[in-house]
**Q** 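So that we are looking at the same thing, I have put the structure below in structure tokens.
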Amino acid sequence: MLVTGNEILLKAHQEGYGVGAFNFVNFEMLQAIFESANEANSPIIIQASEGAIKYMGIDMVVGMAKTMSKRYSHIPVALHLDHGTSVESCQKAIESGFTSVMIDASHHHFEENLELTTKVVQIAHKAGISVEAELGRLMGIEDNISVDEKDAVLVNPKEAEIFVKESKVDSLAPAIGTSHGAFKFKGEPKLDFKRLQEVKRLTHIPLVLHGASAIPDYVREAFLKTGGDLKGSKGVPFEFLKEAIKGGINKVNTDTDLRIAFIAEVRRVANEDKTQFDLRKFFTPGMEAIKKVIVERMHLLGSANKI
Ligand code: G3H
Ligand code: 13P
Ligand code: ZN
């Protein structure tokens, strides 16, 4: 059975570990996520973006999630809407069977973000569903950024305190210097852990790290070796992920790592056997590559053996 985001994240918050929130756009990614959770004995959050919902259809997203959660009934799993852009989008997800939603109004001014988030919280809480919101903008911080520029982009801890108190949101994604995709940092990776700790101290709720893909060396190498191009790519180092958990992060959003690992295997098979056209011969190793990344991540974040 699907459980709420709160059910998974409050335990992680109380016990001080992180749960991977993995995006999926098809059956193969979802299957790999569940098999990993089964292997590592870990709770999971499975998430679909609005783009993923458009691609699969919301009935298919919920149907697959429910079927898989029945197949692995011992695994606590929440189905989460990633980066919901409107109240309507969140409402539709709730009505369709999602157990957790994100309203991402972080590009709006504070007041408008607060207003939209509060609306979603009211609707969601009536239905017993958890809500995540975001404060600050997701972008890498560079070495030469001034204090003022940093303050303009990253989360303001005092605002976070007010935002959480007034909106009654269940979890918060504070911008601390990560960004989405494979090219997160131009120079040395840098995250504002002090700011993170301050947000945790003032809000005391589960916090979320977006743009948390690490792009482990073996994943990048596999992609490059088969003729892919990811020059200059840089993920969040493993030590930073650990530091983020210590600073209060409990939900760790990961999509890019899975995409790169999967496609590297698809391309390898395509290169090695030009006569191959059985889809399963491409996707089975792709799923195995995703599983390796996820199981490793679950141990790193501390969610392994938490069932
Ligand atoms: O945060 C973004 C996720 O990686 C989902 O990306 O909008 O391409 O599905 P997408
Ligand atoms: P990555 O692009 O680092 O995997 O981040 C995914 C994410 O934040 C989804 O919301
Ligand atoms: Zn994100």
Side-chain angles (χ1 to χ4, degrees), residues 5 9 18-26 28-30 32-33 36 44-58 60-61 64 78-86 89-90 93 98 100-107 113 130-141 154-155 171-185 189-191 196 206-216 219-220 223 230 232-238 240-241 244 249-264 289-290 293-294 296-298 300-301:
L9 290 179
V19 176
F22 302 104
N23 290 70
F24 67 102
V25 299
N26 60 14
E28 284 75 17
M29 291 182 91
L30 192 61
I33 299 165
S36 304
I44 37 170
I45 296 172
I46 51 172
Q47 52 188 20
S49 66
E50 289 179 351
I53 290 173
K54 193 168 171 212
Y55 181 70
M56 291 180 274
I58 200 159
M60 183 60 72
V61 171
M64 282 201 299
L79 174 61
H80 177 78
L81 171 67
D82 191 25
H83 294 284
T85 54
S86 63
S89 173
C90 292
F98 279 64
S100 175
V101 293
M102 175 188 190
I103 172 70
D104 181 0
S106 57
H107 48 289
N113 188 353
S130 321
V131 181
E132 172 188 331
E134 181 168 312
L135 271 180
R137 278 186 288 141
L138 278 195
M139 54 191 281
I141 39 173
L154 301 185
V155 63
S171 62
L172 182 72
I176 57 163
T178 56
S179 63
H180 290 121
F183 302 89
K184 299 184 188 299
F185 307 100
K190 216 177 208 167
L191 294 183
L196 169 64
L207 299 181
V208 182
L209 189 67
H210 280 253
S213 275
I215 322 190
V219 172
R220 181 189 294 100
F223 195 85
L230 271 184
S233 58
K234 218 170 269 175
V236 181
F238 282 168
F240 280 28
L241 290 177
I249 292 291
N250 305 109
K251 175 173 178 277
V252 181
N253 282 19
T254 310
D255 187 358
T256 298
D257 278 344
L258 315 188
R259 294 178 178 193
I260 297 174
F262 187 85
I263 292 303
I290 288 182
V293 171
I294 298 183
E296 178 183 65
R297 201 63 47 88
M298 286 166 165
L300 185 91
L301 304 179

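Scope of the values below: all heavy atoms of this structure, side chains included, with no hydrogens, waters or symmetry mates. Counting begins at 1 with the first residue of the sequence. Just follow the structure's listing: the first ligand is 1, and inside any ligand the first atom is 1.
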**Q** Tell me which N, O or S atom of His83 sits nearest to the Zn ion (ligand 3).
**A** NE2

**Q** Report the part of His210 (side chain from C-beta onward, or backbone N, CA, C, O) that has a heavy atom under 4.0 Å from ligand 1; answer both or neither where that applies.
**A** neither

**Q** Are Ser89 and Leu81 side-chain neighbours, meaning at least one heavy-atom pair lies under 4.5 Å?
**A** yes

**Q** Flag the pair Thr254 / Ile294 as yes when at least one side-chain heavy-atom distance between them is below 4.5 Å, and no otherwise.
**A**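 No, too far: nothing below the 4.5 Å cut-off.
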
**Q** In the protein, what heavy atom is nearest to atom 10 (O) of ligand 2, and what distance, to one decimal place, separates them?
**A**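 Scanning the protein heavy atoms, the shortest distance from atom 10 (O) of ligand 2 goes to Asp82 OD2, 2.7 Å.
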
**Q** Any idea which atoms of ligand 2 are less than 4.0 Å away from a heavy-atom of Asn23?
**A**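 In order of numbering, the contacting atoms are 9 (C).
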
**Q** Hey, could you give me the CG/CD1 distance between Asp257 and Ile290, rounded to the nearest 0.5 Å?
**A**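 One gets 10.5 Å once the value is rounded to the nearest 0.5 Å.
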
**Q** Only one of Glu132, His180, Glu50 forms a side-chain hydrogen bond (donor to acceptor under 3.5 Å, both in side chains) with His83, so which one is it?
**A** His180

**Q** If we set the cut-off at 4.0 Å for heavy atoms, which region of Asp82 has an atom near ligand 1: side chain, backbone, both, or neither?
**A** side chain

**Q** Is the shortest heavy-atom distance from the side chain of Leu196 to the side chain of Leu209 under 4.5 Å?
**A**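 Contact flag for Leu196/Leu209 side chains = no.
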
**Q** Compare every heavy atom of Lys251 with every heavy atom of Ala21, then report the nearest pair and how far apart it is.
**A** CB-CE, 3.6 Å

**Q** Decide whether an N or O pair under 3.5 Å exists between Thr256 and ligand 2.
**A**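 So ligand 2 has an N or O lying under 3.5 Å from an N or O of Thr256.
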
**Q** Tell me the protein heavy atom at minimum distance from atom 8 (O) of ligand 2, and give that distance in Å.
**A**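 Sorting protein heavy atoms by distance from atom 8 (O) of ligand 2 puts Gly211 N, 2.8 Å first.
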
**Q** Just which atoms of ligand 2 are under 4.0 Å from any heavy atom in His210?
**A** 8 (O), 10 (O)

**Q** Only heavy atoms of Asp255, strictly under 4.0 Å: list the atoms of ligand 2 that pass.
**A** 4 (O), 6 (C)

**Q** I'd like to check which ligand 2 atoms, numbered from 1 as shown, lie under 4.0 Å from a non-hydrogen atom of His83.
**A** 10 (O)

**Q** Side chain, backbone, both or neither: which applies to Thr178 and ligand 2 if a contact is any heavy-atom pair less than 4.0 Å apart?
**A** neither

**Q** Which ligand 2 atoms are under 4.0 Å away from a heavy-atom of Gly181?
**A**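 This gives 2 (O) as the contact atoms.
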
**Q** What is the nearest protein non-hydrogen atom to atom 7 (C) of ligand 2, stated with its residue, atom name and distance?
**A** His180 CD2, 3.4 Å

**Q** Are any of the heavy atoms in Met102 under 4.0 Å away from ligand 2?
**A** no

**Q** Does Arg259 reach ligand 1, in the sense of a heavy atom lying below 4.0 Å from it?
**A**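 Distance cut 4.0 Å: Arg259 passes for ligand 1.
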
**Q** With backbone taken as N, CA, C and O and side chain as the heavy atoms from C-beta onward, which portion of Asn23 lies under 4.0 Å from ligand 1: side chain, backbone, both, or neither?
**A**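 Under 4.0 Å from ligand 1, Asn23 contributes side-chain atoms alone.
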
**Q** Where is the nearest protein heavy atom to atom 9 (O) of ligand 1: which residue, which atom, and how far?
**A**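 For atom 9 (O) of ligand 1, the nearest protein heavy atom comes out as Ser49 OG, 2.6 Å.
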
**Q** With heavy-atom distances below 4.5 Å as the criterion, would you say the side chains of Leu191 and Phe185 are in contact?
**A**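 Answer yes - side chains close enough.
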
**Q** Does an N or O from Ser213, backbone or side chain, lie closer than 3.5 Å to an N or O of ligand 2?
**A** yes

**Q** Would you find more than 12 non-hydrogen atoms of other residues, nucleotides or ligands less than 6.0 Å from Tyr55 atom OH?
**A**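 At most 12 heavy atoms, drawn from other residues, nucleotides or ligands, come within 6.0 Å of this atom.
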
**Q** Check whether any side-chain heavy atom of Phe183 lies under 4.5 Å from a side-chain heavy atom of Leu230, and answer yes or no.
**A**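 Yes, side chains in contact.
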
**Q** Side chains of Pro189 and Val236: closer than 4.5 Å at any heavy-atom pair?
**A** no

**Q** How close does the nearest protein non-hydrogen atom get to atom 4 (O) of ligand 1, and which residue and atom is it?
**A**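 Protein heavy atom at minimum distance: Asp255 OD2, 2.6 Å.
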
**Q** Among the heavy atoms of Gly51, does any lie under 4.0 Å from an atom of ligand 1?
**A** no

**Q** Check the pair Ile53, Phe98 against side-chain contact (heavy atoms from CB on, under 4.5 Å), reporting the backbone distance first and the verdict last.
**A** CA-CA 12 Å; Ile53 290 173; Phe98 279 64; 3.8 Å; yes

**Q** Below a 4.0 angstrom heavy-atom separation, can you tell me which part of Ala182, side chain or backbone, both or neither, approaches ligand 2?
**A** neither

**Q** Quick one: which ligand 1 atoms are inside 4.0 Å of a heavy atom on His83?
**A**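 Checking each atom against His83, I get 1 (O).
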
**Q** For ligand 2, which atoms sit closer than 4.0 Å to a heavy atom of Thr254?
**A**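 Those atoms are 4 (O).
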
**Q** Among protein heavy atoms, which sits nearest to atom 3 (O) of ligand 2, and what does the distance come to when rounded to 0.1 Å?
**A** Lys184 NZ, 2.6 Å

**Q** Restricting to N, O or S atoms, which atom of His210 is closest to the Zn ion (ligand 3)?
**A** ND1

